[in-house]
Peer 1: 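This is the structure, below, for whatever I ask next.
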There are 2 protein chains.
Amino acid sequence: MADLARELGVSTTTISRALSDHFSIGPAMKQKVQKLARKYNYQPNRMASALRKGKSKLLGIVVPYLEGRFFPTVVYGMEKAASKAGYNVIICQSHEDVVLERRNLDTLLSAQVAGVLVSMSRTTLDYKHFDKLRSRGMPLVFFDRVEEGDNVNAVVLDDREGGYISTRHLIGQGCRRIAHLAGPQHLNIYRNRRQGYLDALREAGLPEDENLVVYSDMLHAQGVDSLRQLMLLPNPPDAVFSAGDDSALGALQEARRQGLRVPEDVAITGFSNETFTLVTEPNLTSVDQRSEEMGQAAVRLLLELIDAEGGPFSPRKVSLRPELLVRQSSLREPELYAEAAEPALIVRRR
Amino acid sequence: MADLARELGVSTTTISRALSDHFSIGPAMKQKVQKLARKYNYQPNRMASALRKGKSKLLGIVVPYLEGRFFPTVVYGMEKAASKAGYNVIICQSHEDVVLERRNLDTLLSAQVAGVLVSMSRTTLDYKHFDKLRSRGMPLVFFDRVEEGDNVNAVVLDDREGGYISTRHLIGQGCRRIAHLAGPQHLNIYRNRRQGYLDALREAGLPEDENLVVYSDMLHAQGVDSLRQLMLLPNPPDAVFSAGDDSALGALQEARRQGLRVPEDVAITGFSNETFTLVTEPNLTSVDQRSEEMGQAAVRLLLELIDAEGGPFSPRKVSLRPELLVRQSSLREPELYAEAAEPALIVRRR
DNA sequence: TTGTATGCGTTATCAA
DNA sequence: TTGATAACGCATACAA
């Protein structure tokens with residue numbers, strides 16, 4: 001900026017204002033400055049700007065991991081919404097470790113981000129580090145895996161609905177003993193998916209059988225084990241609603257290994273619409289989580305928070321509608337669905 | 001820092017030095033300062049520090065995309081190596097778009113990163129934006145998809161070797177008409193994989209048949225099309241070496257749709273060791289790209305560059321050894337492999 | 001071993 | 001409409 005000022009014989013103040021399109025600068029001067037800036041390939045120093053203004057144009061993102069399709073897609077949505085507003089993002093992974101999660105937050109704090117987007121790690125059981133962030137006035141929005149309480153801003157999938165429509169679909173396909181592979185119940189997402197499952201059972205007048213609910217960390221291997229365990233029951237299930245795609249896949253593979261036909265002997269559905277659901281044999285029915293919308297909604301909410309500048313802001317929870325993608329692994333009665341030939345039939349889009 | 005200085009009755013200079021473990025500060029004072037800093041939960045302002053020192057502790061990463069397993073794993077390796085050296089990373093996606101790639105580099109520049117790690121987008125055909133970076137003295141390391149030329153620092157997989165061992169393996173399994181699904185030849189990785197394929201053919205005395213090489217962008221749908229096209233040849237192939245897993249998967253599915261047995265009628269191998277290779281039926285043979293090591297190596301190289309401070313530094317290329325993971329999709333002669341029962345048999349680890 | 005003074009690049013304030 | 005000046009938080013040359 002000093003160079004430009006010298007060359008044009010004006011002050012850096014004028015340069016600064018011209019570049020940020022300040023109203024007090026005449027159009028002629030603005031033209032000149034901006035042209036010269038382009039010529040010299042001027043790059044603003046965001047650090048200096050952030051230092052002076054006390055706020056940067058950076059948003060921090062903390063995700064449990066990036067593998068798979070869900071989080072990258074969410075991050076993509078975030079990037080889109082952020083860049084539209086002139087922001088950039090820093091991505092950190094907690095690798096499902098609360099210690100790393102805390103360290104990530106410190107990193108973001110000292111990078112002077114304008115706000116933080118968090119999806120909690122699986123091992124996050126207390127929330128002090130988030131309180132610390134808030135006490136420093138750092139705008140904070142959770143997504144997908146959210147902190148409990150009324151005081152949090154969050155964007156979530158309606159996981160209860162996801163569990164509900166999955167289970168209802170299975171019931172509609174004639175299944176009567178529906179098992180559930182459930183995740184850690186301290187995480188909202190898994191608790192709600194289970195609740196939707198129970199709601200659908202109750203609505204249909206089917207009994208709740210605790211033997212049919214298997215709790216695990218939802219990994220592939222645990223899906224294998226869970227299915228094995230379920231099939232040893234005196235009265236084994238005719239369907240499995242898994243709260244995650246990895247364990248659904250494990251269950252699917254183990255079922256076939258046992259010589260069971262899917263979906264005829266046991267119908268299987270997953271959750272997340274991971275890429276591989278279109279690759280398994282049979283293709284895996286799953287719930288799409290509106291990943292990209294989730295990212296965009298989270299950033300929009302965060303930007304509102306930032307613009308409110310710590311002023312009065314009543315916490316908001318945005319809830320997105322899940323979408324059941326019915327595929328072969330649960331389609332016992334294809335004639336019920338005219339479009340059943342489609343590989344990724346959307347049964348419910350409201 | 002000012003608060004701490006006041007409370008301890010010393011200058012901010014002392015605080016600054018004590019916190020950065022400067023030799024001129026006595027151990028007693030260091031203790032006191034660091035304790036108080038913890039008590040007040042002091043967070044250094046990295047922007048201010050970066051502004052003053054002219055360099056930050058941030059590394060910029062530009063990847064084409066994050067979906068799948070390869071890039072997240074590379075990034076994980078980068079995070080690990082970076083945090084060991086006190087650095088953090090900013091991740092940007094170019095989404096295979098050179099326009100976005102350029103914008104990302106601008107963003108990173110103005111975020112005052114200490115260095116940049118780039119894997120080029122598929123649409124990057126000229127390299128001016130990288131020259132611009134270099135002309136500003138910004139340390140730059142490429143990984144996986146690298147710029148051509150002697151003047152670049154880069155970490156790559158030995159893709160030629162990957163193509164070579166894949167093809168050799170197929171030859172060893174008795175295949176004689178081996179097709180190749182090739183990617184855009186302006187990208188080093190695809191050019192080299194093809195070269196390895198040709199080398200192995202030549203070594204085995206097999207003819208090169210250009211009809212057996214199909215060029216595409218390596219997407220799933222293009223794998224489907226390519227296989228269809230290949231099977232229409234008067235003399236169709238008995239094996240397919242695909243330079244990517246997505247198109248390998250497409251080929252695999254199309255082959256089975258046509259009623260071909262895999263690997264008996266046509267053996268298929270892919271490249272990248274994506275997660276889904278363990279899910280397909282049959283499981284897909286693929287080349288592992290040492291993703292995590294690649295990330296670590298790239299950061300190590302970048303840090304060396306940064307520490308050299310623009311001084312003399314002869315450009316270096318690090319090349320990693322690929323690993324062929326033989327699975328059912330190419331295993332015609334299992335008796336050749338004692339450990340063939342393993343789902344992910346490592347055939348060649350040198 | 002500690003302190004004083006200064007500047008990194010930008011922008012807000014106040015004055016012209 | 002423009003400019004002079006100070007300040008953001010930190011690190012360092014120099015002095016003590």
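Each chain gets a letter, A, B and so on, in the order the sequences are listed, and its residues count up from 1.
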Peer 1: Once salt bridge (Lys or Arg N to Asp or Glu O under 4.0 Å) is applied, do any residues pair with B:Arg103, and if so which ones, sequence neighbours excluded?
Peer 2: none
Peer 1: Is a side-chain donor-acceptor pair under 3.5 Å present for B:Arg145 with B:Ser119?
Peer 2: no
Peer 1: Taking atom NZ of B:Lys132 as the centre, report whether more than 12 heavy atoms of other residues, nucleotides or ligands fall under 6.0 Å from it.
Peer 2: yes
Peer 1: Each nucleotide in nucleotides 9-16 of chain C should get exactly one letter: B, S or -. Can you fill that in based on protein heavy atoms under 4.0 Å?
Peer 2: BBBBBB--
Peer 1: Is the CG atom of A:Asp150 crowded by more than 12 outside heavy atoms at less than 6.0 Å?
Peer 2: no
Peer 1: Sequence neighbours left out, what passes ring-ring contact (aromatic ring centres under 6.0 Å, His included) with B:Tyr76? Give chain and number order.
Peer 2: A:His95
Peer 1: Report for the helix from C:dT1-D:dA16 to C:dA16-D:dT1: angle between first-end and last-end helix axes, five pairs each, rounded to 10 degrees.
Peer 2: 40°
Peer 1: Identify the 5'-most and 3'-most nucleotides of DNA chain D with at least one atom closer than 4.0 Å to a non-hydrogen atom of chain A.
Peer 2: D:dT1 to D:dG9
Peer 1: Return yes when atom CD of A:Gln31 has more than 12 non-hydrogen atoms of other residues, nucleotides or ligands closer than 6.0 Å, and no otherwise.
Peer 2: no
Peer 1: Apply the side-chain hydrogen bond (donor to acceptor under 3.5 Å, both in side chains) test between B:Ser110 and each candidate in A:Arg46, A:Lys57, A:Gln43; give the one that qualifies.
Peer 2: A:Arg46
Peer 1: Which is true for B:Gly26 with a 4.0 Å heavy-atom rule: it touches a base, it touches only sugar-phosphate, or it touches nothing?
Peer 2: sugar-phosphate
Peer 1: Could you tell me which residues satisfy ring-ring contact (aromatic ring centres under 6.0 Å, His included) with B:Tyr65, sequence neighbours excluded, listed by chain and number?
Peer 2: B:Phe71
Peer 1: Kindly compute the distance separating CG (A:Asn188) from CD (A:Glu148), expressed to the nearest 0.5 Å.
Peer 2: 5.5 Å
Peer 1: Is it the case that atom NZ in B:Lys317 sees more than 12 heavy atoms from other parts of the structure closer than 6.0 Å?
Peer 2: yes
